[in-house]
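All values below come from the heavy atoms of this structure, side chains included, with hydrogens, waters and symmetry mates left out. Below, chains carry the letters A, B, ... as their sequence lines are ordered, and counting in each starts from 1.
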Number of protein chains: 2
Amino acid sequence: MVTTPAESTLLGSPYRADCPTRRILDRVGDRWTVLIVGVLWEGDARFSELRRRIEGISQKMLTQTLRGLERDGLVRRTVYPEVPVRVEYALTGAGRTLREPLRMLQEWAVEHLGDVSASQEAYDRVDRTPAGVTG
Amino acid sequence: MVTTPAESTLLGSPYRADCPTRRILDRVGDRWTVLIVGVLWEGDARFSELRRRIEGISQKMLTQTLRGLERDGLVRRTVYPEVPVRVEYALTGAGRTLREPLRMLQEWAVEHLGDVSASQEAYDRVDRTPAGVTG
DNA sequence: CAGAATCCTTACGGATACTG
DNA sequence: CAGTATCCGTAAGGATTCTG
């Protein structure tokens with residue numbers, strides 16, 4: 001990775017493409033990361049267990065997301081060379097610290113989802129077609 | 001939107017596709033929402049101002065993201081029918097409440113980005129090609 | 001100024017088949 | 001069991017052009 005001059009002022013320029021927040025959101029903002037962290041928070045789990053508990057995730061995305069989390073040092077992958085092989089996933093220390101901010105976000109979501117949904121429906125009820133436009 | 005039987009147990013089944021957290025992340029987890037909320041937190045702004053301050057955002061994505069936020073009731077859009085027209089964007093009350101959880105996430109990002117980057121580099125340095133495989 | 005509309009490319013992600 | 005490899009459709013998003 002190239003160190004840009006901007007990095008020294010990153011905290012003051014959170015709107016650059018390479019700011020920390022943006023990089024974290026790239027990891028956390030996808031469909032599956034939060035769910036995986038959520039399950040692992042409750043306890044270590046093996047591949048098939050995660051697959052079962054996270055409804056709708058494909059094998060490909062589970063693998064891919066776990067690899068990403070492992071690469072970021074948020075999840076530890078342990079292979080037990082039995083037959084058949086057993087692989088256990090666990091949150092690392094860093095991974096566990098991610099839980100709190102995510103929980104805050106979830107809390108916000110639960111608290112405001114009703115209002116958001118209502119606002120959406122109200123918004124969708126209004127016709128925004130400019131006057132005089134047909135079809 | 002269709003009401004599914006699952007909705008009654010949503011809070012107990014956070015791993016369903018339509019759970020609150022996931023819906024919020026679909027909004028907040030994209031590249032731009034956080035940045036827009038960040039700018040608007042500092043004060044109301046008009047379209048061109050947002051465009052200028054959020055580096056790298058295209059006109060299309062700015063419009064699209066603002067529309068989404070407006071639809072969710074998180075941002076208020078005010079049109080001043082002058083010539084040329086002036087449009088001001090502001091956070092709503094709900095929008096302002098989003099700031100805190102997002103700030104937590106940003107804080108986490110700043111605090112852990114170093115470790116994450118280091119972990120990534122370490123991960124990328126080890127060869128994961130199975131023994132005996134060429135190419 | 002603040003967008004709407006269009007085109008076009010990329011990459012995300014699902015389905016499937018195969019392996020140690 | 002826990003993946004890898006491949007194919008493929010969709011959609012996200014950039015660049016460009018046009019408008020009230």
Subject >> Non-neighbouring partners of A:E49 that pass salt bridge (charged side-chain N to carboxylate O under 4.0 Å, His left out), sequence neighbours left out >> reply: none
**OP:** Rounded off to whole Å, could you give me the CD-to-C1' distance for the A:E88 and D:dG3 pair?
**Re:** 16 Å
Subject >> Close side-chain approach of A:L50 and A:L66, heavy atoms under 4.5 Å >> reply: yes
**OP:** Please check if atom CZ in B:R31 has more than 12 non-hydrogen atoms from other residues, nucleotides or ligands closer than 6.0 Å.
**Re:** no
Original post:
Taking OP1 and OP2 of C:dC1, is either one under 4.0 Å from a side-chain nitrogen or oxygen of B:R46?
Top reply: no
Subject >> Gap between atom CG of A:L62 and atom CD1 of A:I36 - 0.5 Å precision >> reply: 5.0 Å
Original post:
Taking atom C1' of C:dG3 as reference, at what distance in whole Å does atom CZ of A:R128 sit?
Top reply: 15 Å
**OP:** Determine to 10° how strongly the helix from C:dC1-D:dG20 to C:dG20-D:dC1 is bent, judged from the axes of its five-pair ends.
**Re:** 50°
Subject >> Same apolar cluster (I L V M F W Y, side chains within < 4.5 Å links), B:V87/A:Y123 >> reply: no
Provide a list of protein-nucleic acid N or O atom pairs under 3.5 angstrom, restricted to nucleotides 9-15 of chain D.
residue	atom	partner	partner atom	Å
D:dG13	N7	B:K60	NZ	2.9
D:dG14	OP2	B:S58	OG	2.9
D:dG14	O6	B:K60	NZ	2.4

**OP:** Spell out, as yes or no, whether a donor-acceptor pair under 3.5 Å connects the side chain of B:T63 to the backbone of B:Q59.
**Re:** yes
**OP:** Map B:Q59 and A:Y89 onto DNA chain D by nearest heavy atom, then report which one ends up closer to the 5' terminus.
**Re:** A:Y89
**OP:** For A:L62 and D:dG3, give me the distance from atom CG to atom C1', rounded to whole Å.
**Re:** 10 Å
Original post:
Would A:L74 and A:T33 count as a side-chain contact (heavy atoms from CB on, under 4.5 Å) if you check the C-alpha gap in whole Å, the side-chain angles of each, and the deciding distance to 0.1 Å?
Top reply: CA-CA 11 Å; A:L74 303 176; A:T33 295; over 6 Å; no
Original post:
Got A:E70 and A:R67 here, is their nearest side-chain heavy-atom distance under 4.5 Å?
Top reply: yes
Original post:
Heavy atom of residues 67-77 of chain B under 4.0 Å from DNA chain C: which residues?
Top reply: B:R67, B:R77
**OP:** Using a 4.0 Å heavy-atom cut-off across all strands, classify A:R51 as base, sugar-phosphate, or nothing.
**Re:** nothing
Original post:
Counting only side-chain N and O atoms of A:T63, is one of them less than 4.0 Å from OP1 or OP2 of D:dG3?
Top reply: no
Original post:
For residues B:E121 and B:S117, is any side-chain donor paired with an opposing acceptor at under 3.5 Å?
Top reply: no
**OP:** Return the residues of residues 78-85 of chain A meeting this criterion: a heavy atom under 4.0 Å from some atom of DNA chain D. Order them by number, or give none.
**Re:** A:P84, A:V85
**OP:** Return the value, rounded to whole Å, for the distance between atom CZ of B:F47 and atom C1' of C:dA2.
**Re:** 6 Å
**OP:** Identify the heavy atoms of A:I57 and A:R51 that sit nearest to each other, and give their distance.
**Re:** O-NH1, 3.9 Å
Original post:
With ILVMFWY side chains joined below 4.5 Å, transitively, what does B:M104's cluster contain besides itself?
Top reply: A:M104
**OP:** Using the rule that two of Ile, Leu, Val, Met, Phe, Trp, Tyr join whenever any of their side-chain heavy atoms come within less than 4.5 Å, decide whether A:L91 and A:V79 are in one cluster.
**Re:** yes
Subject >> Main-chain N/O of B:V75 paired to B:R77 side chain as donor or acceptor, under 3.5 Å >> reply: no
